[in-house]
Structures are given as C-alpha cells and as structure tokens.
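Down below is the structure, laid out as structure tokens.
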Amino acid sequence: MISQFFILSSKGDPLIYKDFRGDSGGRDVAELFYRKLTGLPGDESPVVMHHDDRHFIHIRHSGLYLVATTSENISPFSLLELLSRLATLLGDYCGSLGEATISRNVALVYELLDEVLDYGYVQTTSTEVLRNFIQTEAVVSKPFSLFDLSSVGLFGAETQQSKVAPSSAASRPVLSSRSDQSQKNEVFLDVVERLSVLIASNGSLLKVDVQGEIRLKSEEKAGLFLLSYGPGIRVDEVSFHSSVFLDEFESHRILRLQPPQGELTVMRYQLSDDLPSPLPFRLFPSVQWDRGGGGRLCMGCGFPGTDCSLLPCSQALNVRLHLPLPRGVVSLSQELSSPEQKAELGEGALRWDLPRVQGGSQLSGLFQMDVPGLPGPPGQGPSASAPLGLGPASLSFELPRHTCSGLQVRFLRLTFRPCGNANPHKWVRHLSHSDAYVIRI
Amino acid sequence: MTDSKYFTTTKKGEIFELKAELNSDKKEKKKEAVKKVIASMTVGKDVSALFPDVVNCMQTDNLELKKLVYLYLMNYAKSQPDMAIMAVNTFVKDCEDPNPLIRALAVRTMGCIRVDKITEYLCEPLRKCLKDEDPYVRKTAAVCVAKLHDINAQLVEDQGFLDTLKDLISDSNPMVVANAVAALSEIAESHPSSNLLDLNPQSINKLLTALNECTEWGQIFILDCLANYTPKDDREAQSICERVTPRLSHANSAVVLSAVKVLMKFMEMLSKDLDYYGTLLKKLAPPLVTLLSAEPELQYVALRNINLIVQKRPEVLKHEMKVFFVKYNDPIYVKLEKLDIMIRLASQANIAQVLAELKEYATEVDVDFVRKAVRAIGRCAIKVEQSAERCVSTLLDLIQTKVNYVVQEAIVVIKDIFRKYPNKYESVIATLCENLDSLDEPEARAAMIWIVGEYAERIDNADELLESFLEGFHDESAQVQLQLLTAIVKLFLKKPTETQELVQQVLSLATQDSDNPDLRDRGYIYWRLLSTDPVAAKEVVLAEKPLISEETDLIEPTLLDELICCIGTLASVYHKPPSAFVEGGRGVVHKSLPPRTASSESTESPETAPAGAPPGEQLDTVPTQGDLLGDLLNLDLGPPVSGPPLATSAVQMGAVDLLGGGLDSLMGDEPEGIGAPSFVAPPAAAVPANLGAPMGSGLSDLFDLTSGVGTLSGSYVAPKAVWLPAMKAKGLEISGTFTRQAGSISMDLQLTNKALQVMTDFAIQFNRNSFGLAPAAPLQVHAPLSPTQTVEISLPLSTAGSVMKTEPLNSLQVAVKNNIDVFYFSTLYPLHILFVEDGKMDRQMFLATWKDIPNENEAQFQIRDCPLNAEAVSSRLQSSSIFTVARRNVEGQDMLYQSLKLTNGIWVLAELRIQPGNPSFTLSLKCRAPEVSQHVYQAYETILKN
C-alpha cells in the first residue's frame, strides 16, 4: 500500500506532501528521495529505489517529480500506473501540470488525493467519478480563449522533439467550465502512431512495428460517440478503454463509447512485421574509409524519392538524421542537396536536419570527415566497411496526416447530447512519428 | 485572485492575521483563510497555533470548507491530541449527516487521526457506517477498519469489526468488495495464523463475480487475493484461469501482471497434456509483449518480470525473440535487461538472428552495454552447441578491433568456451596471447592466466608469460594471484624440468609474503601435495574438470518459485524474496507454488528449471574454498607441533628438498633425471613448523570446534527491576525480568500490593512490538492480592503476536489491569531472550553469509573491561545461545566467529576479537537487518559482564 505521495519541483522543493499511513518518517523522506536521486551517477535514474524499508517509485512529468513510497511488497506497475494517472488527473483538474499551477491549487490537489487514495488504497482515478466529490474549484492563471486554433497541437503526441505546442484548449481545466457556459464545445480525436524500424546494413528489413493509439479529449460531458475506422485494416494487438462498447466492432469496426470528461485512450493497437504500405523513408548509406592523413571517412546518404510510401502531396516535418561517429572526428565537409538543410557535428555524432521533406522528393548528402585517431582499415587501400563507432544511423520525423497502418477514422458521430448544447466542434487528426527508426551501416 | 500569494514570506503578524480571518463572519473569507493555512502547512510552516480557530470553522454546512478543515485536522491532530478531542463531537455528528459525502468524509478523517483517545469515539460511528445504505460510505468505512486495526488491533477484534468486514465481501457494490478484500488482506498479513480471509470455492466465486464489475484498482486487490488461494484440484484451477484470462487485455498494466501472476501460479496445477494448457500459454505472450511498448519505466519493470517468467516457462515467449531486440534509444537499464532475456530465449532455431544482433551491439558506444553484449556471445556459444564455432569467430573478430574493454571481455568468455568444449578451439590461443599486454582488469588477467596454465603444454613460452605476471605479484588482485598460483603449479606438473624455480618462487610468494589467508592456504596445500605425493598432485591439480552447465546465473529453483508467486510486486523487480526487504514480520510468509494435484493424474513430472548446481564464475580446479579446506583437514595432519617455530631459511631448505623429492618421483622413469639423491622425506620438524603451525592451531580449530555444544541451560537472567512504581499505579508495584529457559521465553513478574485495599481481576496486555512478543497465557493471580502481599508469577510469552517496529527496537509497552484501574508502563527487554537454540550456523554457510552481507551492514563495538579468556567467553555466550562457529588465532589474537538467530529468523553474525591480556574486546556484527546490531551488542555486554 502506498505510504506517501509527494510532488517535488525540478529543484527538489516539496510542492505537495501527503502521508497516508502515519507510519513513516515525515517530510525528510522527500528530501531523502531527492538526495538519492541527485546522488546517482548518470542521468538515467532507476525506476525503483529503496532506502532501508522504504521503496520509492517515481515518474517525471512536466519537470515535476511525482513520487510514491511504500514499505510493502506491492505492485510497482500499479504505482507507476497510478502516478501517470495522477499526472493526467491533475492536468485535467488544474488545467495543466506545472509548478505554478500546483502551488496555486494546493487545496484542490489535496482534495483530489484524498478521494483518489484512502489509507494508501487506490479508490478511483476516473475524472468522471471524482467529479461528484470534488468541491474546490481550480484557480486558473488567465482566462481561456479559443482564438488561435492554429496553435492547437496534439495533446497526446509526445514526439521525440516535443516540438508540438501545447494546445491552449488542453490547458483548460475540465471542471472550470461552470463559469464559461458560453464556450463552444470541442472534441478532439487523435490517431497517433509510433513507428519503430530496424534495417540491417544490407538493406533488409529486420523489424518493423507500429504502436498506435486513438485518443479522445472532450471538454464537456459529451454523451455517446460513434467512431469507426475503415474495415480491412489489420492490427495485431488491440486493447480498449473500459468505456468502449464493442458490439459492432467485429462486423463494422464501429466503437461506441461513452467517454468520461477529460482525456482518454480509446484504443491502443499494435502492428508488427507486415506493414500494408512501404516504409516512409529509405536511406542508402555508403561509406568509404581510407588512411589518407590518419584516417578519412567519406559518407554518402541518399533518400530516394520512389519506393516509399510518402505521397507527393504529403510531407514530413522535423526530419533529423543522427549518426554516431568514431571518436576524435575533427572536421566535416558537406555537400547537401538543398540549402534549407543543415548538417553539423556535435556530441560525437553527425546531425543532419531537414525541416521539411516533400513526399516523393529525393535528397542526398555527402559528408567527408577527418578522424586522426582512427586506425586504418584492416586491409590495404580504402575499405567500404564501417569502422568501429560509426553508426547506426537513426531517423526521427513526424508525418502529419499519415498513418503507417493505414488506419483512418471514417466518422466520429455524437449520437446523444446531455443538455441541449450546440453540436461540439470535432477535430480529427492523424499523425505518425518515429520511435526508433534505425538503419545500420 | 490566486493562491500564489499564500506563499509570500512570513511577516511577523501573519498568524494573527490568519486568526482574525478565520474568525471572520464571512464564509468566503474563512474559506480563503483556511486555504492559506493549508498552503503554509504544505511548505512546512508551523501553523499548529491556529488549531482552535480552524476547528471552530468545522461546524459549517459548506462542504468545501469542511473538507479543508478536515485536511488540516489530519495533519495536526497527532501533535495536538487534546485539542483533537474538541473536534470529536463534530465528527460524531457528521457521521449522522443526511449527506453521504459528509458521513464518509467524517469516518475517513477520524480514521486518519492517529490519536488513541479518538479511537474509542470512533467505534459507534464506524459500526453504523459499515452498514450504511450508501456504498460510498460503506467502502470508506471498510478502509477505516484497516486504519483502526493499525492503531488498536485488539479494539477491532473486540468490537467485532472483522466479522462485519468479512460480510462486506458479499456486498452488492464491487467497490465495497474491493476495499473489504484489501483491508482484510492487510489485516491478515499481520496475523499470519488467523484465517481471516477464509478463501473457499464459494467466496472465490463471489470475488470472481466482483472482478468483472469493479474498477481497475479494485481488480488488482481481488486478483492479488486470488493468487493466495490454492485450488483443490486442476478443474477448479482451470475454471479460475478461464475467468481471469480476460483481464490480460486490460489497459492497466498492473491488472495484467496480477492476472499473469494468478495464471502462472495456477498453471502449475494443470497437466501439460491438457489442450487448455497450450491455449493458456499462447494467451500469456501477447499481453507481455504489449507491455514492452509502454514507457521505459514500465518496460523495465515488465522486463524484470518477463525474465522470471522466461526462466520458469521459456515456452511462453519462445517465438517472440524480436521484441527483445534493443532499440538505440532505450535507456541503458532497459537494454541490459533485454539482452539478458535474449540469451535466455536463444535456441538453435533463432541463434543466427541473435548472434547477428549481438555482433551489432558489440560495436556500439555504451561501454557497459558492449561488455554485456560480448559476454552474451560467449553465453550463446555455451548454450547452443551448433553455434559455438560461429561465436568463437565472432569473438575473434571483436578481438581484432583492439578496443581494450572488448578484448578483455572476449577473453573472459573464451575461457568459458574452453571449459565447455575442451580441445576444440585451442587454435585461437595464439591470437589471445598477442593481447596479453593490453589486459588491465583482474577478471581478464585471471582468465588469460587460466588459459595459459591449462594449455601450458601447447604454449611454447608459457613459462615466460607466467613469469612476466609474477613480477608484480603483490600488486595483483587476489583473484589474479590465486589463478597465477594454480597456473604455475599446473605448468610445473606439465613441464617439471624447466619450471622448478618458478614454482618455488610462487609458492614462497603465496605462503610467506601474502596476507591473504585464501592464497596462503592454497599455497600450503599445493606445497604439501607436491612434497608428499607428486603423482597424486598431478591427479588432483590436472584432474578432469566437470563440464560447465549451459545456463549460468539462473535463479535457483526454490527462489524462482517464490518469485513467481510475487510476479508484479517489488520482489520481482529486485529478484529477492519479499522477506529480504520488507520490514519485520510482514509478508514474511513464504509463498510457494501449489503442487500439482490433478484429479486426472498425468505421469509427467512437473517441469522445473534444469537441475544441477550452476557453477559460479570461478573456474578453478578446486571446487570451493570451504570444501577444499575441509577435505584437507580430513587428511592426516599429524599432531600439532608444539616445538619452537623454525627460521624461514629452514623452510626454504625444506622446500628445496621436498621439490627435489617431488621431481624425482615425477620423472621416475627418466633415466637421466636430475642428479639429486633419492627421495628426501620432508623433515618432520621443518615442514610442520611452518605449515603445521597455522594449520594445526588455526585451521583445525576453525573447523573442528564442535565441542561443548548442546548444553541446554537457560540464558542469562537479569535481576528483577521495578517497572511500575507503586506511586504511579495506585499502590500496585510491579517488578520483573525476562528469562529464556529451554526455548521458551517468560516474563517473571513480582506484584506487590502497597495499597490499602485488596486487588483482584488482574489482566495483562502488550502493545504491538518489534518481535511480536505477546502473552501466551492469561495473567493468573489465583487469590486476591491483599495489602502488603507479594506474589511471583511467571508469564509465558510467545513471539506470535502482531509486529510493529518500536523505537527503541526492544521496547515493550505493557498494560496491566486490576479491579482498580488500568496501568501502563514500558520496559526494555534484553535481546538475548530472543536468541533461539538452533542458532548455530554451518561453517560454510557462515562464510558465504558473511561475504554476502554488504559491508555497510557491519557494525563495530568495543566491549571494555571483560577479564575473560576466549574459552570462557565462548562457553558463557553459548549458554545464551550465541554459538561459536569457528575460532582461529591470528597474530596472537583469538578470533571467535559466532552466529545467533532471532525468533523472527534474522541471523546475526559476529566476529569477536580477543587479545590476551587486553580486557577490551572488539565485536564486529553483520546482519541483514543492521538496526538490531546495537541491541545484540548490548546483549553481549550484559552476558559477558554478569
């Protein structure tokens, strides 16, 4: 059972501290945790830490540490799940999760915690259920305005670059709507896919898998939705949110759901090995390695325009090629196919940034590097095999309006509205982004 | 207006301002004020001074304000118990409120106020709330029972709340059921013997029904509870499995893992021939694979669990190799776990794929990961015979990279490959030797030396190579020194003529110049072996080595079974049994898999992990230190020599002699052997003087100290002390002490009536304490105690009571009741009453445990002014169940190695250093629960000084 829960700012100051069992060492625990965390070598903190009989499990969210402690042998999964649910809940109730919003809403957060956890037992994490019990209203920093829709980003997609601006709608607390009834009702439906690919040095595909999510966020208690995606789409593994009714799913791929207020993942799916469409990118690297002046490396990389699934009308954003280089690289000369692009050395790797890649286009880059410390290739003369420390190349990118599985939402219908509100605005968005797109060299 | 202004710096009159606002007439203002108070409380400011003012705000019909006040109360009630009583009336009133939210709020908050005085007022409202018409109130009340039980267990039992709680398991509302199950499970854990959660097919059925209806969190409680049930036969197990399986596709990973735990456990009871068994196996894989697409933290926890599952039932995931391929952006902790699982899943079918991956990993940049990848290649070679050749060539390629850590790691694993496939890949030795100079890590050096020694006859310059290592002998780590010693002896046995000097050199380095007892002992053994019977030496040292088994670092089967029962808990992340890290008695109940009790019995034996003890990393010719020394001592050592020790030169002489003799018989059939005279027996005086001295007195003592065991006398008893003076107890004076006699603990009490009236109706009760001490029988005072009368009673104690860590650890709070009043006092019990009589640890066990306990758990104490000698100390301690496992004499000091065990199974190991003539002893204690060390030390003091 959970003994304590606390939220620490990125500097380690306790913002929220709650003790559920009365049996533990007080506030020093928060300090102890932070000391342990910062005392660790490296930046990858272990998931579970312990000190004497106390076990810490934490997640980092929006720069805050959400920490749960326990002194019993309980499920770390439930703690991790709970922490991420709490992060969502606090976001739902306070508008957004952050140091400022938390300290503005201390009383609300404690009230929430009291309803979510009793004596360390999780009671519920459903925004909908909690709504019946919560009395305190959120304090919001500035009134919400819904003008600049262009800035409305994807609330669900945490892409690698995290370049997506947070939606202004997403930072409005779900429950503060009592005051602004006039606001338009909005529903967001996002299909987000993460693509991991592994391509061997000979160009053969070793592994592909797509992890997708359909996420829904509704501002008001929105009633009953009908949602459907095209039949004939194959997915390997599906799991649904508990509020989804599946009676018509098998026959027509229709999901009926009664979403609680706030944000939820309607469906999560996975697809591996056989993709219905070719990969969005192909990369053909070639390496030449010779002894000239203590080791020189020539790299050519090309994206062929054909043979990939990007249609000419679509585009990829924030494409970046990341290529680890052997130690001691000193200089780089480059020949790129377009001036908009940029390649530079940094942290022992080559970064080639392509802000925008139009579908069907063909790109190439030629890089030449001097590596003084590099021992020559094993044989005489130049070698085409990669020296140690070079590669594998990884690509990161975002593909708006594109899903690798081919899954497209056909319709989103609101079949029942609770109280004569106007029809909500519905936003349906699709996005694919890279998770680990690796090409070995 | 925002709350951020609550955080402005403290001005002098802030408390006063808040006070004024709290007493304001306006509701809004009050509310804002309480919010400010709570904000100050959170940042650690002391606002307890406002307690009465805040409590005054409690009587309001505004729910928001009420909640805020309750929040404040929970925080400060403990420090202001008298004030908290002020709030009781409002609590009791709120428990009757028409609004269920308020009723629940009141009962929830009262439970959180951990003040003893409040508990008695809590009972009636709680009883009502447990039967409330509103499920929200009932579920809150169910949790409240657990809270109350934690504060006052006896009260909960007396009031019959446990029965009410049991009834709630059949409640119509699933949330109530889930909370009742959670509360009962927790209460049951502190009473391992009680049968609170009486699981039977009917109640299981109810739980399974509730499972489908309650929230995800409730499902976790119920599944965890199910996992503790043992079905009566395979049919029941199957039907439970069928109803649990749908949980595998739940979105909450905790639900999934709890379901996996239930299935893994009950599968044990299913026959493998059953179709259903196969179906179940297939169903287990997808949810586990899905977990690997979660965030890295969850992935890590999932991988640790999968690691266990794969060891228990590799068939579950044998087709899923690809999902364990490492992604470049995985955090390192995920990478290492994935690698481990890849090896466990490697088989002939997928080895090519695995090897190709591993080779890629070995060229990455992350050093730790690369090392592990290289090691993994070696493990593949050992596991899948067909791939050995390919693995070796891959390793050779890696050695060619000349990257230092890759080379070293490769050499370490090649050594293992040589062990597994002797005389097959020796052609690579030349390549290995080229890299000799670049090796700077002990493990790699030791591995290389082992290879040179093992294949000395094929390496032309083996003697030169080994000699080069010998130059810096004292700078090497112990691992390398031991290996070097063995390797040179091997070399000598193989090429006796050229290496005589070398072996003498190493033997003298090992035996005379080294402080390491292991090294010295091994040196003496070889020396003695070579001197007495070189042929036997050859048989021993060059004996055929047992093959190493395929799987290394498997978790041993019994632990694995226990961990399988703990899937989805912290134990599965640490890969340690819960008892190793959970405080005190809680959860120490060892869980085990159910036996297969099939109604349709199949003859197939249950599949367990491959039998046979996996050998450790150490690949010596000698099995383990302990065995070796034990064997040696079973040989005839001759009587200990009491003569004066000879000078070193004499030993040198003896060594030459004995080697001469050894050589002769080694090369007996060579006509022109060394022209030495015939075999010279080692001079009886010379050898034992140096060999015999440490062995005779040190080693034999170390291993033959069995005398004097079995005296079953009671341990030391302190004189009675006054625990409760008459002044404090209306004339009742209690003095007492604790004794332990023949395995049973008792509390000897002396009750004196110093009042003017007769005392009757005595009863006694203990508060929960660290070791679960509890009266084993009621306090029996047969006749009324008349004034000035004294009665002596011996109250038997058990250690089966409920456990709560106290501060200090050995304090005991006692309540004694008589017809006049109830009196409380607190006393400290000496820890030695808890030392059990079977606390003598096996010697090897002792060695292993001592090494195994981390050094930070070691505590050192001084025992001053104790005039006893080692024997007297040993026997005196033994009568209090502190057993001397071994004794040795080092540089004139007596070292006693002792063990003792507490009633709750905690072992304490001790090293007691006694210098003759010095009355101060040094006591080093090692224990997995270091907090007991201080008290064990006190017990030593008490026993030795009285």
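A quick note: this is a predicted structure, and the numbers were derived from the prediction, not measured.
- Between Leu570(B) and Ile57(A) there is a side-chain heavy-atom pair separated by less than 4.5 Å.
- Residue Val573(B) touches chain A through its side chain alone, counting heavy-atom pairs closer than 4.5 Å.
- Contact annotation for Thr265(A): neither backbone nor side-chain heavy atoms come within less than 4.5 Å of a heavy atom of chain B.
- The side-chain contact (heavy atoms from CB on, under 4.5 Å) test with Lys327(B) is passed by exactly one of Asp435(A), Leu198(A), Val438(A): Asp435(A).
- Ala178(B) does not touch chain A: none of its heavy atoms, backbone or side chain, sits under 4.5 Å away.
- Looking only at heavy-atom pairs under 4.5 Å with chain A, the residue among Ala302(B), Ser249(B), Cys112(B) that has the most is Ala302(B).
- In this structure, CE on Met74(B) lies 11.0 Å from OH on Tyr110(A), to the nearest 0.5 angstrom.
- To the nearest 0.5 Å, atom CG of residue Leu105(B) and atom CD of residue Glu111(A) are 9.0 Å apart.
- Between Ile59(A) and Glu295(B), the closest side-chain pair of non-hydrogen atoms is not below 4.5 Å.
- Using a 4.5 Å cut-off between heavy atoms, Asp224(B) does not touch chain A at all.
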Give the intermediate values and the outcome of side-chain contact (heavy atoms from CB on, under 4.5 Å) for residues Leu206(A) and Glu360(B). CA-CA 13 Å; Leu206(A) 288 177; Glu360(B) 285 294 336; over 6 Å; no
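- Annotation: maximal heavy-atom pairing with chain A below 4.5 Å, among Asn179(B), Thr109(B), Asn252(B), occurs at Asn252(B).
- For chain A, the nearby parts of Phe325(B) are the backbone and the side chain; heavy atoms of each come within less than 4.5 Å.
- Contact detail for Thr569(B) and Pro76(A): the closest heavy-atom pair is C-CD, 3.3 Å.
- Among the candidates Ala104(B), Ser253(B), Ala251(B), the residue making the largest number of heavy-atom pairs closer than 4.5 Å to chain A is Ser253(B).
- The shortest side-chain heavy-atom distance between Arg21(A) and Asp150(B) does not fall under the 4.5 Å cut-off.
- For the set Arg440(A), His50(A), Arg268(A), Met1(A), the entry with the most heavy-atom pairs within less than 4.5 Å of chain B is Arg440(A).
- Using a 4.5 Å cut-off between heavy atoms, Ser196(A) contacts chain B through its side chain alone, with no backbone atom that close.
- Residue with the most contacts toward chain A among Ile38(B), Leu101(B), Leu257(B): Leu257(B) (heavy-atom pairs, distance under 4.5 Å).
- Heavy-atom distances place the side chain of Tyr136(B), and not its backbone, under 4.5 Å from chain A.
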Under the criterion salt bridge (charged side-chain N to carboxylate O under 4.0 Å, His left out), I'd like the reasoning laid out for Glu115(A) against Lys67(B): C-alpha separation, chi angles, the key distance, then a yes or no. CA-CA 11 Å; Glu115(A) 295 294 345; Lys67(B) 279 187 136 179; 3.0 Å; yes
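- Heavy-atom distances place the side chain of Thr215(B), and not its backbone, under 4.5 Å from chain A.
- By number of non-hydrogen pairs under 4.5 angstrom with chain B, the leading residue of Thr124(A), Leu82(A), Ile16(A) is Leu82(A).
- Ranked by heavy-atom pairs shorter than 4.5 Å toward chain B, the options Ser239(A), Gly120(A), Ser394(A) are led by Ser394(A).
- Taking the six-membered ring for Trp and thresholds of 30 and 60 degrees, Tyr574(B) and His55(A) have ring planes inclined between 30 and 60 degrees apart.
- Between chain A and the options Trp217(B), Tyr300(B), Tyr70(B), the largest number of non-hydrogen pairs under 4.5 Å is found for Trp217(B).
- In terms of non-hydrogen atom pairs under 4.5 Å with chain A, the most contact-rich of Leu63(B), Thr140(B), Leu291(B) is Leu63(B).
- Lys35(B) places none of its side-chain heavy atoms less than 4.5 Å from the side chain of Leu108(A).
- Using a 4.5 Å cut-off between heavy atoms, Gln270(A) touches chain B through its side chain atoms alone.
- The two residues Tyr121(A) and Val143(B) have their closest heavy-atom pair at CD1-CG1, 3.6 Å.
- Counting heavy atoms from C-beta outward, Phe77(A) and Val256(B) have side chains that stay 4.5 Å or more apart.
- Contacts between Ile74(A) and chain B at a heavy-atom distance below 4.5 Å involve the backbone alone (N, CA, C, O).
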Pair His58(A), Glu297(B) - check side-chain contact (heavy atoms from CB on, under 4.5 Å), show working. CA-CA 9 Å; His58(A) 76 280; Glu297(B) 291 88 1; over 6 Å; no
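- Only the backbone of Asn132(A) has a heavy atom closer than 4.5 Å to any heavy atom of chain B.
- No side-chain heavy atom of Lys139(B) sits less than 4.5 Å from a side-chain heavy atom of Asp118(A).
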side-chain contact (heavy atoms from CB on, under 4.5 Å) for Glu216(B) and Arg85(A)? Distances and angles first, verdict last. CA-CA 12 Å; Glu216(B) 46 195 324; Arg85(A) 299 293 175 84; 2.7 Å; yes
Evaluate the side-chain contact (heavy atoms from CB on, under 4.5 Å) criterion for residues Gln211(A) and Thr290(B): first the C-alpha distance (whole Å), next the side-chain angles of each, then the deciding distance (0.1 Å), finally the verdict. CA-CA 9 Å; Gln211(A) 283 146 17; Thr290(B) 309; over 6 Å; no
